[in-house]
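Structure record follows, encoded as structure tokens.
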Amino acid sequence: MAAICVFCASSRTLDQRWLDLATETGAELARRGHTLVSGGGCVGMMGAVADGARAAGGRTLGVIPQALVDLEVADLASDELLVTDSMASRKTLMIDKSDAFLTLPGGLGTLDELFEVWTTATLALHAKPMVLIDTDGFYRPLLDWLDGLADRQFLKPAGLGLLTVVDSVPAALDTLESHLT
């Protein structure tokens with residue numbers, strides 16, 4: 001099956017519902033036979049998605065910069081943990097190792113990863129599917145702003161259309177799988 005990269009929050013102070021969403025995502029990836037590619041952390045949603053995948057019998061691949069290993073937040077239980085020299089090289093390796101991308105709620109780091117993958121797709125540097133899960137309208141303000149960018153010609157509609165937005169984990173994986181076959 002596919003190697004699916006999940007971008008999500010690594011905060012230690014999140015409501016349980018976000019951790020549950022991440023756990024559900026990891027478990028569903030594993031049930032469908034996919035490998036989880038993650039940022040290699042063991043905290044927040046990032047840790048929960050990896051734990052969920054492993055609990056359901058899935059394979060996990062973490063990619064983490066040495067600076068975060070030094071902070072003792074590395075997912076040492078990963079089936080494979082790749083250590084990079086920087087955040088930039090981490091993103092590049094995550095893109096290279098993944099067949100598709102799924103974005104859950106998150107903050108600046110999550111947005112950085114999403115926009116890196118999205119930007120490189122608009123430049124035709126890859127043609128890998130990208131799905132954003134907009135649980136409870138989490139991303140609605142951002143999506144409205146992006147629609148406004150397209151309306152003002154700062155973003156081509158074709159570029160906007162490269163990202164599929166759904167509201168559930170099953171819909172996200174159904175979408176990714178339909179683009180991978």
Side-chain angles (χ1 to χ4, degrees), residues 1-11 14-15 17-22 24-26 28-29 32 34-41 44-46 48-49 52-53 61 63 65 84 86-181:
M1 295 309 275
I4 298 179
C5 185
V6 176
F7 301 133
C8 58
S10 60
S11 171
L14 299 173
D15 289 343
R17 71 187 194 125
W18 302 118
L19 300 172
D20 293 344
L21 175 65
E24 173 193 353
T25 302
E28 187 65 16
L29 281 168
R32 293 185 185 213
H34 301 297
T35 295
L36 167 69
V37 178
S38 77
M45 292 175 73
M46 193 183 307
V49 73
L61 166 64
V63 183
T84 64
S86 69
M87 293 293 281
S89 59
R90 173 202 213 182
K91 287 185 292 185
T92 300
L93 191 54
M94 289 169 77
I95 292 168
D96 290 345
K97 294 286 186 183
S98 301
D99 300 310
F101 304 92
L102 190 160
T103 302
L104 295 172
L108 290 177
T110 302
L111 292 173
D112 177 50
E113 292 163 337
L114 169 64
F115 283 115
E116 176 87 13
V117 169
W118 198 356
T119 299
T120 53
T122 64
L123 297 171
L125 298 177
H126 72 82
K128 299 173 183 180
M130 302 168 293
V131 173
L132 180 133
I133 298 180
D134 188 28
T135 302
D136 297 334
F138 183 88
Y139 283 111
R140 180 50 34 208
L142 175 64
L143 295 168
D144 290 343
W145 179 73
L146 290 166
D147 286 338
L149 286 181
D151 291 343
R152 292 186 297 276
Q153 310 302 311
F154 283 96
L155 175 61
K156 294 178 181 172
L160 192 59
L162 291 174
L163 180 69
T164 303
V165 179
V166 299
D167 64 0
S168 71
V169 173
L173 292 176
D174 289 347
T175 300
L176 290 175
E177 289 169 347
S178 74
H179 285 91
L180 291 169
T181 56

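Note that these values count all heavy atoms, side chains included, but never hydrogens, waters or copies made by symmetry. For this chain, numbers begin at 1 and follow the sequence in order.
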Query raised in the report: Going from OG1 on Thr103 to CG on Leu132, what distance comes out if it is rounded to the nearest 0.5 angstrom?
Result: 5.5 Å

Query raised in the report: Is there a side-chain contact between Pro129 and Glu177 (heavy atoms, below 4.5 Å)?
Result: no

Query raised in the report: Are the side chain of His126 and the backbone of Val117 linked by a donor-acceptor contact shorter than 3.5 Å?
Result: yes

Report task. State, yes or no, whether a side-chain contact exists between Ser38 and Val6 at a heavy-atom distance under 4.5 Å. Result -> no

Requested in this report: Kindly compute the distance separating OG (Ser11) from CE (Met46), expressed to the nearest 0.5 Å.
Outcome: 11.0 Å

**Report entry** Donor-acceptor contact below 3.5 Å, side chain Lys91 vs main chain Glu116
**Finding:** no

Query - Residues Asp136, Arg17; criterion side chain to side chain contact (heavy atoms under 4.5 Å, CB included); working and verdict - result: CA-CA 11 Å; Asp136 297 334; Arg17 71 187 194 125; 2.4 Å; yes

Query raised in the report: Do side-chain atoms of Asp167 reach the backbone of Asp134 as a donor and acceptor pair under 3.5 angstrom?
Result: no

Report summary line: Of all heavy-atom pairs linking Met45 and Leu19, the shortest is N-CD2, 3.6 Å

Query raised in the report: What is the distance from atom CG of Asp96 to atom SG of Cys5, rounded to the nearest 0.5 Å?
Result: 11.0 Å

**Report entry** Interatomic distance, His179 atom NE2 to Asp174 atom CG [nearest 0.5 angstrom]
**Finding:** 12.0 Å

Query raised in the report: Once you round to the nearest 0.5 Å, how far does CZ of Phe115 lie from CG of Leu108?
Result: 11.0 Å

Query raised in the report: Parallel, tilted or perpendicular: which fits the ring planes of Trp18 and Phe138, with parallel below 30° and perpendicular above 60°?
Result: perpendicular

Requested in this report: Taking the side chain as every heavy atom from C-beta outward, state whether Phe101 and Val37 have any atom pair closer than 4.5 Å.
Outcome: no

Report summary line: Taken in chain and number order and not counting sequence neighbours, the residues that satisfy salt bridge (Lys or Arg N to Asp or Glu O under 4.0 Å) with Glu24 are none

Query - Ile4 CD1 to Ser98 OG distance, which is reported to the nearest 0.5 Å - result: 9.0 Å

Return all side-chain donor-acceptor pairs below 3.5 angstrom for residues 140-164, not counting sequence neighbours, or 'none' if the list is empty.
unit_1	atom_1	unit_2	atom_2	d
Arg140	NH1	Asp144	OD1	2.9
Arg152	NH1	Gly148	O	3.4

Query raised in the report: Do His34 side-chain atoms and Leu29 backbone N/O form a donor-acceptor pair below 3.5 Å?
Result: no

**Report entry** Asp99 to Leu180 - nearest heavy-atom pair and separation
**Finding:** O-CD2, 3.6 Å

Query raised in the report: Which heavy atom of Val166 sits nearest a heavy atom of Ala171, and at what distance?
Result: CB-CB, 3.9 Å

